[in-house]
Amino acid sequence: MAEQPVGRLHDRPNMRAAANNIILHLHPVRVPESALRFTYTWGLGGTAVLLAMILATTGVLLVFRYEPTVDRAYLSIQALETQVLFGALVRSVHHWSGNLLIVVAFLHMLRVFFTGSYKKGRAINWLVGLFLLALILVFNFTGYLLPWDQQAYWAATVSTSLLDYVPIVGATAVAFLGGGPEVGQTTLNNFYAIHVAVLPALLVSLLSYHFWRIRKDGGISQATTAPGAIVRRLTTIPHLVQREMAVAVVVITAVTIWAMFVPAPLQELADPLQSPNPAKAAWYFLGLQELLLHLPPRALMALIAIVSAGLGLLPSWDRQEDTVGHYFRSPTGRRAALAGLFLGLSLPLLLVVADEYWLHRAIWLPGWPVLLATEVFPLLLTLAGMALIYFSIRLLLRANHSEGLVGLFVFIMTSVVVLTAVGVFCRGPNMTLVLPFS
Ligand code: HEM
């Protein structure tokens, strides 16, 4: 019988084989050369995976010192920052990675949309992705409260009250999450349990399914090649793995340096009797909070439900498959995107300013039933505005349905970003409009 090699030197090939094995469970052995082009995916899906891994690692470290009680939470964070070696850095990396993950997952969704990668059998993965995005928001939201400082406490109070507007389930969700009329010990318990146990389990399950589907759907989307054309394929090791490693090194270095120089915020201890002015939700909900200043709650919830349903149903709404793999579908699609960008940058800003100074919605439609005048009418007006944008792009740019949707999608996403920016930078005391950085 042949002797088994032992010792460190001989173990290395085995370790390499094990690593290769893991890599080839996640990736196919060969990938089309075009799928390796960095400017196709921008490494965004991989970056999201990496950030999730950084969050899991730093999160586990934080759990060793964090104490989820109203009396101890803030003090335990202070002690972590001042008495534990690298404690402040670990917390800062966790904080910024969580925020960055929202941005990266959002950008990844845009790339998937722009390349039409929700088509050709990828509808389920698109839907899974939308759930992942929602999950990441809830992850950040539940983590926000844990330091129990003023910012955390009041942002959680405002955000939970936003949840109250969700019809049917909203009040029950608030009652369950809050455990009482005010954010307190039960709220902290619930947020902590959801943050460290429920959401990680859900995220791992959904992500595993997301990756499995990518392989099942035949790898990432590609532009259709001419019949008979030969698709060049390169081996995953080393070609894809080298690129992934390069992105990982850049992301880890950037996040660490940023976290070293910009510590995670920690204000004074939460004071339930002293509300800051303005009391703002976490930044990723400020677009919503801003919209609530302009639309009545039920109209806003209906609008969110309609837009979310539209996003979920996109694969059955836009079935043109010959442009998959091409950014913005076509030159006309690119012009539609530019039109959507221009309208998204200008219209929401104009409406915010007009609503603040000139529009007096209370005196619209005198004599109409209240529900129609204050809820249904503004909702219909907003939907009509979106329909107008879609049809104008189709008519004026001679765009087809798929290209028209590109324009509408860009308009909606740009509006979300603009409204969030207004909420972050332009809302002062009593939520009045102020100049940014004033
Ligand atoms: C934690 C969040 C997420 C992670 C870690 C993740 C990870 C990935 C990875 C690694 C890929 C392979 C290609 C690439 O790197 O672009 C991918 C592809 C894909 N993702 Fe995600 N994703 C996330 C969220 C989303 C979201 C928010 C959406 C859309 C709503 C989405 C929809 C898709 C689809 C449809 C594909 C296939 C794309 C193609 O075939 O070109 N994912 N995802």
Side-chain angles (χ1 to χ4, degrees), residues 22-23 25-28 31-32 34-56 59 97-140 143 199-224 236 239-241 243-248 251 284 307-318 321 323-329 405 409 412-413 416:
I22 294 173
I23 292 167
H25 266 89
L26 293 171
H27 296 299
V31 280
S34 52
L36 291 174
R37 203 161 33 96
F38 180 70
T39 50
Y40 187 64
T41 63
W42 298 95
L44 290 164
T47 304
V49 178
L50 177 66
L51 288 170
M53 282 158 59
I54 295 175
L55 282 161
S97 302
N99 283 281
L100 189 58
L101 182 55
I102 298 179
V103 178
V104 170
F106 179 73
L107 292 177
H108 172 61
M109 179 188 72
L110 297 190
R111 144 13 227 161
V112 169
F113 176 85
F114 291 143
T115 53
S117 303
Y118 49 85
K119 303 178 200 177
K120 287 193 172 172
R122 295 181 173 80
I124 296 182
N125 227 8
W126 167 257
L127 215 57
V128 172
L130 290 177
F131 279 113
L132 276 170
L133 193 59
L135 205 67
I136 290 166
L137 287 176
V138 183
F139 235 124
N140 272 274
L199 293 177
L202 277 178
L203 189 71
V204 169
S205 317
L206 265 188
L207 271 184
S208 310
Y209 186 58
H210 196 54
F211 300 145
W212 179 76
R213 280 243 53 116
I214 295 171
R215 299 237 10 210
K216 182 118 175 48
D217 298 340
I220 66 167
S221 60
Q222 293 298 296
T224 318
T236 292
H239 299 282
L240 175 58
V241 174
R243 285 167 173 78
E244 288 180 342
M245 291 298 159
V247 172
V251 172
Y284 35 86
V307 171
S308 307
L311 280 178
L313 293 173
L314 200 59
S316 38
W317 207 22
D318 171 17
E321 293 198 336
T323 54
V324 169
H326 296 279
Y327 263 89
F328 306 107
R329 324 280 190 260
L405 285 182
F409 178 84
I412 294 174
M413 293 303 147
V416 169

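In what follows, residues are counted from 1 in the order of the sequence shown. Both ligands and their constituent atoms are indexed starting at 1 by order of listing. This is a predicted model, so every value here is computed, not measured.
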#### Entry: Parallel, tilted or perpendicular: ring planes of Trp126 versus Tyr118, cut at 30 and 60 degrees
tilted
shortest atom 32 (C) of ligand 1-to-protein heavy-atom contact is with His210 CE1, 3.5 Å
Does ligand 1 have any atom that is closer than 4.0 Å to a heavy atom of Trp42?
no
- Is it true that Gly46 lies under 4.0 Å from ligand 1, counting heavy atoms only? yes
| message | For ligand 1 and Arg111, I'd like to know whether there is a polar contact (N/O to N/O, distance under 3.5 Å). | response | yes
Would you say Trp126 has any N or O atom under 3.5 Å from an N or O of ligand 1, going by distance alone?
no
For Ala48, the atoms of ligand 1 under 4.0 Å from one of its heavy atoms are 4 (C), 5 (C)
In this structure, CG of Leu50 is separated from CD1 of Ile54 (nearest 0.5 Å) by 4.0 Å
Among Lys120, Arg122, Met53, Gln222, the residue with a heavy atom nearest to atom 37 (C) of ligand 1 is Arg122
Counting heavy atoms under 4.0 Å, the part of Phe106 that contacts ligand 1 is neither
The protein heavy atom nearest to atom 24 (C) of ligand 1 is His108 CD2, 3.5 Å
dist Leu110:CG -> Leu44:CG (nearest 0.5 Å) comes out at 9.0 Å
Closest non-hydrogen contact found for Ala35 with Gln222 is CB-NE2, 3.3 Å
Check: of Gly219, Gly325, Gly129, min heavy-atom distance to atom 26 (C) of ligand 1 comes from Gly129
For Leu130, the ligand 1 atoms with a heavy-atom partner under 4.0 Å come out as 30 (C)
Under 4.0 Å from one or more heavy atoms of Ile136, ligand 1 contributes atoms 1 (C), 2 (C)
So for Leu44 against ligand 1, with non-hydrogen atoms under 4.0 Å, the contacting part is neither
Rounding to 0.5 Å, atoms CH2 (Trp212) and NE2 (His25) come to a distance of 14.5 Å
Logged contact type for Val112 with ligand 1, heavy-atom cut-off 4.0 Å, is side chain
Closest non-hydrogen contact found for Leu203 with Ala52 is CD2-CB, 4.5 Å
So CG of Leu405 and CZ of Arg329: to nearest 0.5 Å the spacing works out to 7.5 Å
So for Asp217 against ligand 1, with non-hydrogen atoms under 4.0 Å, the contacting part is neither
Among Leu55, Leu314, Ile214, Leu127, closest by heavy atom to atom 18 (C) of ligand 1 is Ile214
Check: Pro200 and Phe139 side chains under 4.5 Å, non-hydrogen atoms = yes
Counting both backbone and side chain atoms, is some N or O of Tyr40 under 3.5 Å from an N or O of ligand 1? no
The answer for which part of Thr41 has a heavy atom under 4.0 Å from ligand 1 is side chain
To the nearest 0.5 Å, atom CG of Leu130 lies from atom CG of Asn125 at 10.5 Å
shortest atom 39 (C) of ligand 1-to-protein heavy-atom contact is with Ser221 N, 3.3 Å
Counting from 1 in the order shown, the ligand 1 atoms closer than 4.0 Å to a non-hydrogen atom of Leu207 are 4 (C), 5 (C)
All heavy atoms of Leu26 vs all of Arg215, minimum pair found to be O-CD, 3.3 Å
May I ask you to check if Arg111 and Tyr327 form a cation-pi contact, with NZ or CZ under 6.0 angstrom from the six-membered ring centre and within 45° of the axis? no
In this structure, atom 13 (C) of ligand 1 is nearest to the protein heavy atom Ile220 CG2, 3.4 Å
Closest non-hydrogen atoms of Phe38 and Gly43, given as atom of the first, atom of the second and distance, are CE1-N, 3.7 Å
Do Leu107 and Trp42 come within less than 4.5 Å of each other through their side chains, counting heavy atoms only?
-> no
If you scan protein heavy atoms around atom 10 (C) of ligand 1, the nearest is Gly45 C, 3.4 Å
